[in-house]
Amino acid sequence: MTEQHLLEMEHISKSFPGVLALDDVSFKVRPGTVHALMGENGAGKSTLMKILLGIYRPDDGFIRFDGVMHEQMDIRSSLHHGISMIHQELSPIPHMTVAENIFLGREPIRWKSGWVKAKELNQMAQTLFDNLEINIDPGMKMVNLSIANMQMVEIATAISYNSKLIIMDEPTSAITEKEVAHLFRMINNLRDKGVSIIYITHKMDEVFQIADEVTVLRDGQYVDTKPASDIDKKKLISLMVGRELTKIFPKIDVEIGEVKMEVRNLSLPGKFEDVSFNVRRGEILGIAGLMGSGRTELIESIFGIYPPLSGKVFVDGKPTSIARPMDAIRSGMGFLTEDRKLSGLFLPLSVRDNMVYSSINRYAGSFGLNHKKMDEECEQQRDALSVKTPSLAQKVVNLSGGNQQKVLIARWLLTEPDILFLDEPTRGIDVGAKSEIHKLMSKLAENGKAIIMVSSEMPEILGMSDRILVMHEGTKAGELSREDATQEKILQLAAGEALTI
């Protein structure tokens, strides 16, 4: 180990069929620092980290960690040497307890019987949570946790290895602002103890709050490393995308048409109560609120995933009965799910199969599927959305997060919807892909589509919405026009307070 660096990855290259994922990349991390690894989806960040963890074998290059040279790591040796990771995509074992998930493979065992010492296991988890100030019952099954608490368990698991280096991949993608502040306190404590953090995020404000240094990758190549104090957001975007994005939220002012959908007194006990609103052609209606406020549950209910127990939905002034998603699709609705991997994509299937899943009937003919038409329309969507893939036959699991999100959008555009629900449309994707999706949203609105967007990102809500509905504990707390909306007003309503600003 050099005096300055805990980790040195030198001249790393990695190819996959048809793709040069990393091209002679070098990356170094100093002890006791938070080092942000930035880049658009497809820049090579995940591939580089998978090489560090031993999931992939590099074609060229070497790793030096804590003074030891490695041509290749494996997962067990990376943990042994002191490297752990908080993964962006949560993969808990749902019907095991929190404690069992954290210490899987490391449980205290009774020597004679081979049984796990359950009481001691729970105490180990409780001690860990006490040290991290996390309030979760170690005996609770993972399936009963919220996504945010699952994320906190993932964070605690990585820290439990007492690692010298922790990789944090989008650790704040599913947690609240309060929990983000809590995470940052944990990171500062770890840094004070000499632990190094590799921090991967698409939320640029976080970089300037927590990082000491920033390294940028672009198209599989190393671009630059700088102290975080020496760059600003504009410069960082330029390094990431190779150009300046003059408008992060390219909202187009379009003529708002007649009411396309109206919701009256919709209720699903335990989730939301007596919610009414409408959305017009050409309008982007943003739905804001804290986690647990009922935002996602509301739009899932309208779409028929969890049908409401009371209330009415009207489309073009006519009452509509939606008991399941297929009814919603027939009514001209599309739904971009919050979690593309858990409830959206079929990861082992091809790009084409994922695109046509919700519109397969349109390709059915007397002699089977019209594959020529299917390929033509999928190619059109790939080109229109700039999906980066070697071919439509590529498995969607091999695409970057931003390109996976575009495949899901293409799926719904192929159904030709008039009403489009977008739940966290840019979660976990890079700034360039965000801009592309925002442009697409504006274009769809310009074409007369009615769009309902749920987002936890305040700049996105303020930047893209014509009107904002704010939820609080399952009730509609209020509505704000684009002109009147501010972050302060939204947060007041989301907290259940009367507007004072």
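We use all heavy atoms of the structure for the numbers below, so side chains are in, but hydrogens, waters and symmetry mates are not.
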(request) Check whether any side-chain heavy atom of Leu6 lies under 4.5 Å from a side-chain heavy atom of Lys164, and answer yes or no. (result) yes
Listed partners of [X] passing ring pair (Phe, Tyr, Trp, His ring centres under 6.0 Å), at least two apart:
{"X": "Tyr56", "result": "Phe16"}
{"X": "His70", "result": "His81"}
{"X": "Tyr199", "result": "none"}
{"X": "Tyr306", "result": "none"}

(message) For the residue pair Thr475 / Glu273, report whether a side-chain donor-acceptor contact shorter than 3.5 Å exists.
(response) no
(request) Establish, from distance only, whether the side-chain atoms of Glu460 and His438 form a donor-acceptor pair under 3.5 Å. (result) yes
(message) Strictly by salt bridge (Lys or Arg N to Asp or Glu O under 4.0 Å), give each pair with a member in residues 401-413 just once, sequence neighbours left out.
(response) Lys406-Glu436
(message) Per the salt bridge (Lys or Arg N to Asp or Glu O under 4.0 Å) rule, what does the pair list look like for residues 179-191, sequence neighbours excluded?
(response) Arg191-Asp212
(request) May I have the step-by-step check of side chain to side chain donor-acceptor pair (under 3.5 Å) for Asn403 and Ser400, ending in yes or no? (result) CA-CA 5 Å; Asn403 286 303; Ser400 68; 2.9 Å; yes
(message) I need the full list of side chain to side chain donor-acceptor pair (under 3.5 Å) pairs touching residues 287-299, with sequence neighbours left out, sorted by first then second residue.
(response) Arg295-Ser456, Thr296-Asp423
(request) Measure up the Phe303 and Trp412 rings against each other and bin them: parallel (under 30°), tilted (30 to 60°), perpendicular (over 60°). (result) perpendicular
(message) Holding to side chain to side chain contact (heavy atoms under 4.5 Å, CB included), I want the full list of residues that pass it with Gln381, two or more places apart in sequence or in another chain.
(response) Met355, Leu385, Ala410, Leu413, Leu414
Those residues that, when tested against [X], pass salt bridge (charged side-chain N to carboxylate O under 4.0 Å, His left out) (two or more places apart):
{"X": "Arg30", "result": "Glu213"}
{"X": "Glu10", "result": "Lys28"}
{"X": "Lys233", "result": "Asp205"}
{"X": "Lys50", "result": "none"}

